[in-house]
Number of protein chains: 2
Amino acid sequence: MTFTKVLIAEDIDISNEGIASKLSALDIAQVEQSQSCDNALLKIKRALHDGEPFQLLISDLSFVSHTPEPKLTSGQELITEVKRIQPNIKTIAFSVWNKQQIIKELIEDIKADAYICKGLNGFKELTKAINALAKNETYICPIATASLQRKNVFELTEYEKQILQLTAKGFKQQDISDYFKSKNITPNSRRSIEDHLSKLRDNFNASTTPQLIYLAQSLELI
Amino acid sequence: MTFTKVLIAEDIDISNEGIASKLSALDIAQVEQSQSCDNALLKIKRALHDGEPFQLLISDLSFVSHTPEPKLTSGQELITEVKRIQPNIKTIAFSVWNKQQIIKELIEDIKADAYICKGLNGFKELTKAINALAKNETYICPIATASLQRKNVFELTEYEKQILQLTAKGFKQQDISDYFKSKNITPNSRRSIEDHLSKLRDNFNASTTPQLIYLAQSLELI
DNA sequence: CAATCCCTTGTGGAAATCCACGAAAGCAAA
DNA sequence: TTTGCTTTCGTGGATTTCCACAAGGGATTG
């Protein structure tokens, strides 16, 4: 199949325009543009309702909200919702991020059909992705693939992530212990929190807790 | 005057293309594109040497390096260098960032002629900037202006920034004291470091030092 | 000059964290 | 079940940080 009706969701007008202008080089009859998630979802719903659904959504991941209370605030949410109401639509996540966690989530959980990193050759990658999707395949750009294959030394359990997040929020060890107890999360003794923080410092090669928080945040793990 | 020869420095091809495609709507005869700082500088040097200098440089700020050892790694460096070798060239910084510190540095220190935030209306702003520059004026987009006017509660002295950075690097209070003494930075008693950290926690409304580091990093102050 | 303010620094004690040792509990393989 | 490994968690003591009080120094002002 070839795509004849495509929607671009990208808040930055210059980038949106760049994609559209490049897409016009391909054989796509109808390219629509949207600068917010909510608007994109609306367009998809309407097209579906009108019996002329979009076949492909190309979506950025991060959006600055320009309305008071946007329902959808990220490409992840948009793609999730779109897949829910129109499961057969193809989706391409098109982002500057090449963080393993983000890519993993989009491919494995959200079931996006392609992931491409904006970069030097974004358009070439976009073309490849479209071709792959037309053949019912999925596509992940080389940069993202490399990121996925790079063994993630710092994979955190949900429990560890919570400890780090709470620490970053100003919780003391005792506070975290109390919090875990109130939520029935185990282990929850003050002593165990201390132990886990110590292990985390070891793993991250951090000599102090402030440094641990700094490193975790640098790696965008919290 | 009107601009007839413009250079775009922007690593992401889609964005670069977006700018170029929009510029073609204006009356600019010659638009050249560059995806790296080094390449952009080269083009400017050559044009200058050939007696047909660029009149305007539109540059992004952040570049991913795709060569082993790029000489210039950021738009800030590029603009600085370009202004040095061709002082009469006009420069527009075109970035997603609207951090006060970045904007301030570009306008006040680097003497960029315009600062625009990529966003919903990037092209409109770009047009305004070009018009202003043509009249020998400077231009700062509304978002950036707002950012500049927003009183920066968290303006840090160099001294404070160093304390935060060293803390983030795993230095204990005593370590920082020793370090400052070795560098002849005063005040440098352990007690003063403690005092400043305490003041910083107050200012940032942080209850612990890890939280302070988290907040400072979130605000991109360290 | 005295009065005042701000910053640095010291002191001492409280609080929090760090760290080593070890007991108990949980778990998996033999 | 036994064995062995890991995790949890208590204890106690060292280290570090936090906090309140106050002395001294330098700059400013009346």
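First the proteins, then the strands, lettered A, B, ... as listed; each starts at 1.
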Regarding D:dC9, can its base be found pairing with the side chain of A:E194 as donor and acceptor, where the two atoms are less than 3.5 Å apart? no
Does B:K118 make a cation-pi contact with B:F94 (under 6.0 Å, within 45 degrees of the axis)? yes
Looking at A:F3, I'd like to know if the NZ or CZ of A:K90 sits under 6.0 Å from its six-membered ring centre while staying within 45 degrees of the ring's axis. no
Measure from the side chain of [X], starting at C-beta and using heavy atoms only, and say which of [options] lies closest.
X	options	result
A:R191	D:dC9, D:dT17, C:dT9	D:dC9
A:S189	D:dG10, C:dT9, C:dA16	D:dG10
B:D195	C:dT8, C:dT17, D:dC9	C:dT8
A:S192	D:dC18, C:dT17, D:dC9	D:dC9

Rounding to a whole Å, what distance do you find between [X]:[atom1] and [N]:[atom2]?
X	N	atom1	atom2	answer
A:E160	D:dT7	CD	P	10 Å
B:K172	D:dT15	NZ	P	12 Å
A:R190	D:dG12	CZ	C1'	12 Å
A:I185	D:dC9	CD1	P	13 Å
B:I193	C:dT9	CD1	P	8 Å
A:I176	C:dC18	CD1	C1'	15 Å
B:Q173	C:dT17	CD	C1'	12 Å
B:L197	C:dT8	CG	C1'	15 Å

A:H196 vs D:dT7: side-chain N/O to OP1/OP2 distance below 4.0 Å: no
Centroid separation under 6.0 Å, is that true for the rings of A:F180 and A:Y159? yes
Scan B:T209 against the nucleic acid and name what it touches under 4.0 Å (heavy atoms): base, sugar-phosphate only, or nothing. sugar-phosphate
Using a cut-off of 4.0 Å on non-hydrogen atoms, how would the nucleic acid contact of B:N188 be classed: base, sugar-phosphate, or nothing? sugar-phosphate
Could you tell me whether the side chain of B:N98 and the main chain of B:A144 form a donor-acceptor pair under 3.5 Å? no
Nearest-nucleotide 5' precedence on DNA chain D, A:P187 against B:F171: A:P187
From the list A:L133, A:L78, A:D113, side chain to side chain contact (heavy atoms under 4.5 Å, CB included) with A:T91 holds only for A:D113
